[in-house]
Amino acid sequence: MTRITVTQPLLPPLEEFIPYLQRIWETRILTNGGQLHQELEAALCAHLGVSHLSLFTNATTALMAAVQVLGLKGEVITTPFSFVAGAHALRRANVQPVFVDVEPRTLNIDPSRIEGAITPRTTAIMAVHCYGNPCAVDAIQAIAERHGLQVLYDAAHAFGVCIDGRSILHAGDLSVLSFHATKVFNTFEGGAIIAPDAATKARIDQLKNFGMKDEATVDEVGLNGKMSEVHAAFGLLQLRYVDEAIEKRATIARHYRQALSRVRGIECLPDGHQDIPNHSYFPVRVRPDYPLTRDGLYEMLRARDIYARRYFYPLITDFPAYQTLPRGNAATLPVAVHAAREVLCLPIHPALTHDDLVRVIDAITHPLHGSQ
């Protein structure tokens, strides 16, 4: 019986990657904004419908740079239901994350909870488009404008997502994408910041190159976040296949929704309000009337060589590094706490076969029948 993983990197044909490597060998330029790096930035801008994009070695480094570019300090309101990279980027800049609860439908940050957490020390809101479903961007922007706050979006899951015919990446002051190996679009490792104008992009590009203005001038403390030519080359190849990959994900998602709608106690998270989704994850909630708990289902699937993921569990506020922060307790985050106990992300990736899909659905539909 083959192992079914929750995700799998999209790998285009190896022979198509070789010509890109030959270009690198010919130029002998491996990094520092080479030709392939520049080509990928331009190609991604065209594909995503944005004007200014800066590539990074990974999304965590990009988040750190975004925090610095926006000059965030004091407190930043954010979500506990996310990967820890965003909170880490704040803490590394000596900014205190202030966690507020999430919406029960989307599991994105709940705008109705934000204003109650604003203090004189608050400088920004950092929201996450969870599972690629857009946040309530208009409501968040209105709050930010009323209180003079900046908005940073962790858009790690939101590659290609559009609302009202426009990229979700236009929302807020900056958005950060992840191109990690398991994402819808990957460059092995990588990330990007979407900037609103050329001047901001220029500052971001300087920051990711140690803060160097020129060969003899360092204006500010930067970091090394430059994407290599090899990673950029792989990204250029990936762009040929990403739309096809998203279509395959969409087909899998439709099968899951149709089949699992008949399973008592399994609730598929509703689609977001985007008009172009990317199906980056397929989360379900395991409700009390299902024969197993969420963790019981997780373990049963593993026993059948099906590897789902409890994403996001634990909450960021459950980690020792964050447990002592104000507003990080279960009493202030009931929706997030409940979701962390119920959500399970099922396998979804372009290499998932029909037989794999049938195995996953059958295991969830008949959880007490034993291993197949």
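Worth saying up front: this structure is predicted, and the values here are computed from it rather than measured.
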Quick one about [Y] and [X] (side-chain donor to acceptor, distance below 3.5 Å, no hydrogens or angles considered), yes or no?
X: Ser112; Y: Asp110; value: yes
X: Ser167; Y: His170; value: no
X: Asp295; Y: Thr293; value: no

Counting only heavy atoms not in [X], do more than 12 sit closer than 6.0 Å to its [atom1] atom?
X: Arg285; atom1: CZ; result: yes
X: Gln258; atom1: CD; result: no
X: Gln38; atom1: CD; result: yes
X: Arg264; atom1: CZ; result: no

Without placing hydrogens or testing angles, list every side-chain donor-acceptor pair under 3.5 Å for residues 80-95, not counting sequence neighbours.
from  : atom 1 : to     : atom 2 : distance (Å)
His88 : ND1    : Tyr322 : OH     : 2.6
Arg91 : NH1    : Ala321 : O      : 3.0

Should Asn278 and Ser280 be marked as a side-chain hydrogen bond (donor to acceptor under 3.5 Å, both in side chains) after you check the CA-CA gap, both sets of side-chain angles, and the distance that decides it?
-> CA-CA 5 Å; Asn278 67 10; Ser280 54; 3.3 Å; yes
According to the interplanar angle, ranging from 0 to 90°, do the rings of His255 and His354 count as parallel (below 30°), tilted (30 to 60°) or perpendicular (above 60°)?
->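 Perpendicular.
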Tyr256 side-chain N/O to Cys268 backbone N/O, donor-acceptor pair under 3.5 Å |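 No; zero donor-acceptor contacts below 3.5 Å.
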Would you mind writing out the side-chain donor-acceptor pairs for residues 190-197 within the sub-3.5 Å range, not counting sequence neighbours?
from   : atom 1 : to     : atom 2 : distance (Å)
Asp197 : OD1    : Ala199 : N      : 3.3
Asp197 : OD1    : Thr200 : N      : 2.7
Asp197 : OD1    : Thr200 : OG1    : 2.7
Asp197 : OD2    : Thr200 : OG1    : 3.4

Which side-chain N or O atoms in residues 126-139 pair as donor and acceptor under 3.5 Å with protein atoms at least two apart or in another chain?
from   : atom 1 : to     : atom 2 : distance (Å)
His129 : ND1    : Cys135 : N      : 3.0
Tyr131 : OH     : Tyr311 : O      : 2.3
Asn133 : OD1    : Gly272 : N      : 3.4
Asn133 : OD1    : Gln274 : NE2    : 2.8

